[in-house]
Asks: 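Take a look at this one; I'll ask things after.
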Number of protein chains: 2
Amino acid sequence: MSQFLLRNQVIPLTTTLENPNSKSTAKQRLLEAAMTLFHEQGIRTTTIADVALVAGVPLGNVYYHYRTKDALVSAVIAARHKEVQAELELAKCQANPLERLRSLVKDSQNNRELLTAHGCPYASLAQGLRDTGGILAEQAGELLRLHIEFAEQQFTILEKPEAPALAADFIAKLYGAYTLANAMNNPTFLDQQLERIEAWLEQIAARKKV
Amino acid sequence: MSQFLLRNQVIPLTTTLENPNSKSTAKQRLLEAAMTLFHEQGIRTTTIADVALVAGVPLGNVYYHYRTKDALVSAVIAARHKEVQAELELAKCQANPLERLRSLVKDSQNNRELLTAHGCPYASLAQGLRDTGGILAEQAGELLRLHIEFAEQQFTILEKPEAPALAADFIAKLYGAYTLANAMNNPTFLDQQLERIEAWLEQIAARKKV
DNA sequence: GTCTATACGCCGATAGAC
DNA sequence: GTCTATCGGCGTATAGAC
């Protein structure tokens, strides 16, 4: 396929972060670059050379830190896993379940540009690896399950007997909003849906127990 | 990247459909093969050789019918566009708006395996072309807009003042269910969500006008 | 119009100097 | 540990016989 269609000629949005006084190791910079580029461009579209360039590391050196591209993908999944867990731990600091669930919506609002431009990094990882059928696809799918489980816990605390179904609804609403906003390249659409999701959460929380 | 991760060594699920007595032209078979493979494997992962193999056409011959891979992608988008319009026209044959909306859910139920295994073909097209920033990405995004507009029409006929928001909710629910079922590789999850979407539709339709 | 052979560039991965 | 040079294979696209 022509380069025009499938590869950005332009320099990636995230230019070299190389900060001389930063103590970050080459390995860390490579991981961060890969996380960003895999999200922005997709795994297959991103070359090792791209990652090396953004991380400010010579091409051949990448293979010293990550023996194959697969290893790099695997490391990115692990890092995203930690990222989600950290997000959920932070959410748990909120006073009550409703606020904890709302903080997921707030996180989405804070990342509206990124989500609209490139979609959800977790779903994108999972989708990009689905065809491979390997263990990596399973691990990527696990990222979404973490969100669902968290939501289920909160709805359970709210004493909703249909907690599992509500959790599925909640996360599906979120991911559906990401998908549509991204496909239509419309951040306003995302804003509107997030507002409605928040309203829905409040309504569910206020609802009398059955 | 190693072949193991990013390419299926195995023969595509859709093997050569070459039916001797079928009158289908090579160009038609190429288009159908591309539609299937782009959905099953993604655009970038699918090579011209893959398409040629499945269509039963010699490699070099592909370029006689479609001058570049971009041209093939463009043709696939146009075909998907027709496909959606046909689906919506068929839905409009239903007696009332509620049934018309439900027929979208039924369509999803009928395609549960495909949707779970490979995700929504329209969203996947749109996402796969988003990075390119070209006109193709816009056209792919239009596919989803068709669904939203259709839903909005039906909610309007149902005299819902919040028809646009309800339409967005409805389609977002659907696409969210696709995304999660695909990422977690869980057809049962899709079934459950589709059931809940149908129940939600009925509840909205039955709701007294405000 | 149909087919084979091949040019050309890109990318993952390695070799080996320092 | 760091870097340069390069291999080998694949994928798009073309040349040119029939």
Side-chain angles (χ1 to χ4, degrees), chain A residues 1-12 16 18 20 23-31 33-34 37-38 41-76 128-129 131-132 134 136, chain B residues 1-12 16 18 20 23-31 33-34 37-38 41-76 128-129 131-132 134 136:
Chain A
M1 174 164 305
S2 76
Q3 298 303 90
F4 175 70
L5 173 62
L6 284 180
R7 293 227 5 107
N8 278 333
Q9 305 302 63
V10 296
I11 297 164
T16 310
E18 224 174 355
K23 290 266 178 51
S24 67
T25 68
K27 188 163 186 170
Q28 284 172 335
R29 291 202 310 278
L30 284 169
L31 180 60
L37 289 172
F38 287 173
Q41 309 186 343
I43 296 175
R44 196 140 202 298
T45 319
T46 300
T47 68
I48 298 287
D50 288 341
V51 178
L53 181 70
V54 172
V57 168
L59 172 60
N61 228 3
V62 176
Y63 293 91
Y64 172 76
H65 298 289
Y66 298 98
R67 277 190 46 252
T68 65
K69 192 173 177 181
D70 277 16
L72 190 52
V73 172
S74 191
V76 166
L129 294 169
D131 344 341
T132 71
L136 293 178
Chain B
M1 173 165 304
S2 76
Q3 299 304 90
F4 175 70
L5 172 63
L6 285 179
R7 295 232 357 112
N8 278 333
Q9 306 301 64
V10 296
I11 296 164
T16 310
E18 224 175 356
K23 290 266 177 55
S24 67
T25 68
K27 188 162 186 171
Q28 285 173 335
R29 291 202 310 277
L30 284 169
L31 179 61
L37 290 173
F38 286 172
Q41 309 185 342
I43 296 175
R44 196 142 202 297
T45 320
T46 300
T47 68
I48 298 288
D50 287 341
V51 178
L53 180 70
V54 172
V57 168
L59 171 60
N61 229 2
V62 177
Y63 292 91
Y64 172 77
H65 298 288
Y66 298 97
R67 276 189 50 250
T68 64
K69 191 174 177 181
D70 277 16
L72 190 53
V73 172
S74 190
V76 166
L129 295 169
D131 345 340
T132 71
L136 293 178

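Below, chain A is the first sequence line, B the second, and so on; all start at residue 1.
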Asks: Measure from CG on L72(A) to P on dA13(C) and round the result to the nearest Å.
Replies: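 Result: 10 Å.
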Asks: Mind checking what makes side chain to side chain contact (heavy atoms under 4.5 Å, CB included) contact with A52(A), not counting sequence neighbours?
Replies: V62(A)
Asks: In whole angstrom, give the distance that lies between atom OH of Y66(B) and atom P of dA13(D).
Replies: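 Interatomic distance, OH of Y66(B) to P of dA13(D): 15 Å.
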Asks: How many angstroms lie between NZ in K27(B) and CG in N61(B), if you round to the nearest 0.5 Å?
Replies: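 Reported value, rounded in 0.5 Å steps: 12.0 Å.
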Asks: Protein-nucleotides 2-4 of chain C N/O pairs closer than 3.5 Å?
Replies:
| unit_1 | atom_1 | unit_2 | atom_2 | d |
| --- | --- | --- | --- | --- |
| dC3(C) | OP2 | N61(B) | ND2 | 3.1 |

Asks: Write down the distance between CG (L53(A)) and P (dT4(D)), rounded to a whole number of angstrom.
Replies: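 After rounding, the reported distance stands at 13 Å.
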Asks: For Y63(B), give me all partners under side chain to side chain contact (heavy atoms under 4.5 Å, CB included), at least two apart in sequence or on another chain.
Replies: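 Result, side chain to side chain contact (heavy atoms under 4.5 Å, CB included) vs Y63(B): I48(B).
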Asks: Does A33(B) have any side chain to side chain contact (heavy atoms under 4.5 Å, CB included) partners at least two apart in sequence or in another chain, and if so, which?
Replies: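 Once residues adjacent in sequence are excluded, the partners of A33(B) under the side chain to side chain contact (heavy atoms under 4.5 Å, CB included) criterion are V51(B), V54(B), A55(B).
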Asks: Give the rounded distance in Å between these two atoms: CD of Q41(B) and C1' of dG11(D).
Replies: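 In whole Å, dG11(D) C1' and Q41(B) CD are 14 Å from each other.
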Asks: Within this structure, what is the CG-CG distance for the pair L72(B) and L31(B), rounded to the nearest 0.5 Å?
Replies: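 Reported value, rounded in 0.5 Å steps: 7.0 Å.
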Asks: Do side-chain atoms of R29(A) reach the backbone of S24(A) as a donor and acceptor pair under 3.5 angstrom?
Replies: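 Yes: the side chain of R29(A) pairs with the backbone of S24(A).
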Asks: Rounded off to whole Å, could you give me the CD1-to-P distance for the I48(A) and dC10(C) pair?
Replies: 17 Å
Asks: Just the rounded figure in Å: distance from C1' of dT6(C) to OH of Y63(B).
Replies: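 Spelled out: OH on Y63(B) to C1' on dT6(C) is 13 Å.
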